[in-house]
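Let me begin by presenting the structure, written as structure tokens, before commenting on it.
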Amino acid sequence: MVPVDEGGGVMRTDVLGALGEPTGIEGLDEALAAVDAFDAVLVAGLLRPQPAQAAGLAELAGAVAGSPLAAKVAEAAEKAAAGSAGEDHVVALAAARTALLGAVHDAVAARIAEATGRPLATSADRQPGGSTAPNLLAAARSWLTDLARVGWQGIDHDLVSGAAQIVSALLPDPAPGPRRLATLLDGFAAELAASCPGAALDRIPARRWGDLWARGVLLTVPGAAGTPETTPVSGRLLPLGVDVQEHATAVQVQVHAVFEPADGTPPRLVRAGASAPKPDTVVGAGLWQLLRPHFSLLTAVGEGRSMEVVDMELTADGDFVWDDGRARSGGPADPFATARVALATATDTACAALERHPARIAVPVFLEGYAVRKDEGAVEFDTAGHGLAVDTDRIPTAGPLTPEAVATSSACIGLLRWDAGRFRVQPLAVEATVRKKAVALHAGGWAGGTTDKVGAKAEKAATDAVAVLRERAGRLLRK
């Protein structure tokens, strides 16, 4: 919690619900049950619907009966239950599923706003998407419809490989909409291919594949893949922490920060991100050297400094379109001082309609004065008798922050998330006692470079790996 007399507001963990108990958000369980019912339909497919699938389709239609989607979804559910659903019906079913998860997102976000006491941002508008060739969108929609018909249990390599030509045709388009769809289809197809044949699967990630499928279907609707509206802004950027997302062939970082506009308008929470392809041999602290050349903010984060930005584009969603030429290093800025003084009054970021999904929720929060509880490896923060789960699995190996440090901490800057029906906090930085000494440890502590032995060793290993790969690539090009 943040004491009021220290400039902050109190983080009310009591309104988030007790560990393992329902959140008490009205209608949330019913909405998720309808999504699960439809996801079960997708497992078996729409080709020869059984009574259980008809019931699942009816549950989805009933959940949106009071919305503008009611008539279209009711018709789509009826056609799908009869085994005669067309592509338009599939789009309606995907829209209903997305709308339900959007409603869950809004309800959870409202509860978080109640807990933090910060103003709840309004929805972010987007400009209509560009004019992608209709035949490519239709091809993508046809492939996704075929997936729905055979179901996850019916996928095979022949069906999944059909995405390759669509992806190849979409990728050359420079517009963000086609590229977003191509990236999604490429990753989705690769995941499905690794799971073929579907009939042999012991466990199917129905919610995840349902999410990817529904988003892909909606992105094939002309104009749906809009781009966020941007506004040039100037002011001071005060970093709070860094979220690192690493995969075998790519890495992405997001810096969460408080932005103080130069025009004196209220501060707001923002993000600035960068991503890069990577070889699977580059891990840990070696990731930073892939990103630093394109993202000067990482140096500021590593040095504990603010940044001044001038006329840099900021989207309505709260994301900077980062341009190193419009940023310069500022004065010292302690993230914990920022969290104690500025975080409570900063406006949360908005969210575009198509982006509303509970998995996207990652709200910066500050906690202190808690007791740490450990139970069979799980860590919880206990604030005034109210427990909050700590997601230590999300702590990256690319920094000095560790689960052990979190377990001895007394203050934490983190991202509040909602996962598997309950709230969790992902630590970005903690104040802890290490070897009887009070220290601040940050997930992005090595972002600008490090003299730490472990970090320096990982950086050197990554440098050597990249040098070898470049030499091999140069050899291939010279042949």
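For T315 and D317, the side-chain atoms include no donor-acceptor pair closer than 3.5 Å.
Judged purely by atom type and a 3.5 angstrom limit, S142 has no side-chain atom pairing as donor or acceptor with the backbone of A139. The closest donor-acceptor contact from the side chain of Q53 to the backbone of G45 lies under 3.5 Å.
Not counting sequence neighbours, W143 has no partner by the ring-ring contact (aromatic ring centres under 6.0 Å, His included) test. Qualifying salt bridge (charged side-chain N to carboxylate O under 4.0 Å, His left out) partners for D36, counting only residues two or more places apart in sequence or in other chains: R207. In terms of the salt bridge (charged side-chain N to carboxylate O under 4.0 Å, His left out) criterion, residue partners of D106 (sequence neighbours excluded) are, by chain and number, R356.
Annotation: E431, atom CD; neighbour count of heavy atoms from other residues, nucleotides and ligands within 6.0 Å is above 12.
Between F38 and W213, the ring planes are tilted. Angles from 30° to 60° get that label.
Between the CG atom of L240 and the CZ atom of R271 there is a distance of 12.5 Å, given to the nearest 0.5 Å. Here CZ of F188 is found 13.0 Å from CZ of R215. Values are rounded to the nearest 0.5 Å. Taken from CD in E380 to OH in Y370, the straight-line distance is 13.5 Å, to the nearest 0.5 Å. In this structure, CH2 in W209 is found 4.5 Å from CD1 in I155, a value given to the nearest 0.5 Å. For the atom pair CD of E313 and OG1 of T231, the computed distance is 7.0 Å after rounding to the nearest 0.5 Å.
Minimum interatomic distance between G216 and L144 (heavy atoms only, all atoms of both residues): C-CD1, 3.4 Å. Heavy-atom minimum distance, E368 versus A411: CB-CB, 3.8 Å. The two atoms that bring S84 and H89 nearest to each other are O-ND1, 4.3 Å, heavy atoms only. Counting all heavy atoms, side chain and backbone alike, S306 lies closest to A333 at N-CB, 3.6 Å. Here the closest heavy-atom approach between residue L181 and residue A140 is recorded as CD2-CB, 4.2 Å. Nearest heavy-atom pair, L93 versus A77, reported as atom, atom and distance to 0.1 Å: CD2-N, 4.1 Å.
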Step by step, work out the salt bridge (Lys or Arg N to Asp or Glu O under 4.0 Å) result for D88 and K72. CA-CA 9 Å; D88 289 346; K72 285 187 177 295; over 6 Å; no

Does the pair D211 and R208 meet the rule for a salt bridge (Lys or Arg N to Asp or Glu O under 4.0 Å), with working shown? CA-CA 5 Å; D211 284 342; R208 174 175 172 79; over 6 Å; no

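Using a cutoff of 4.0 Å between basic side-chain nitrogens and carboxylate oxygens, R180 and E355 are not scored as salt-bridged.
Among the candidates T345, T338, L343, the single residue satisfying the side chain to side chain contact (heavy atoms under 4.5 Å, CB included) test with P267 is T345.
You'll find the side chain of I112 reaches within 4.5 Å of the side chain of V108, heavy atoms only.
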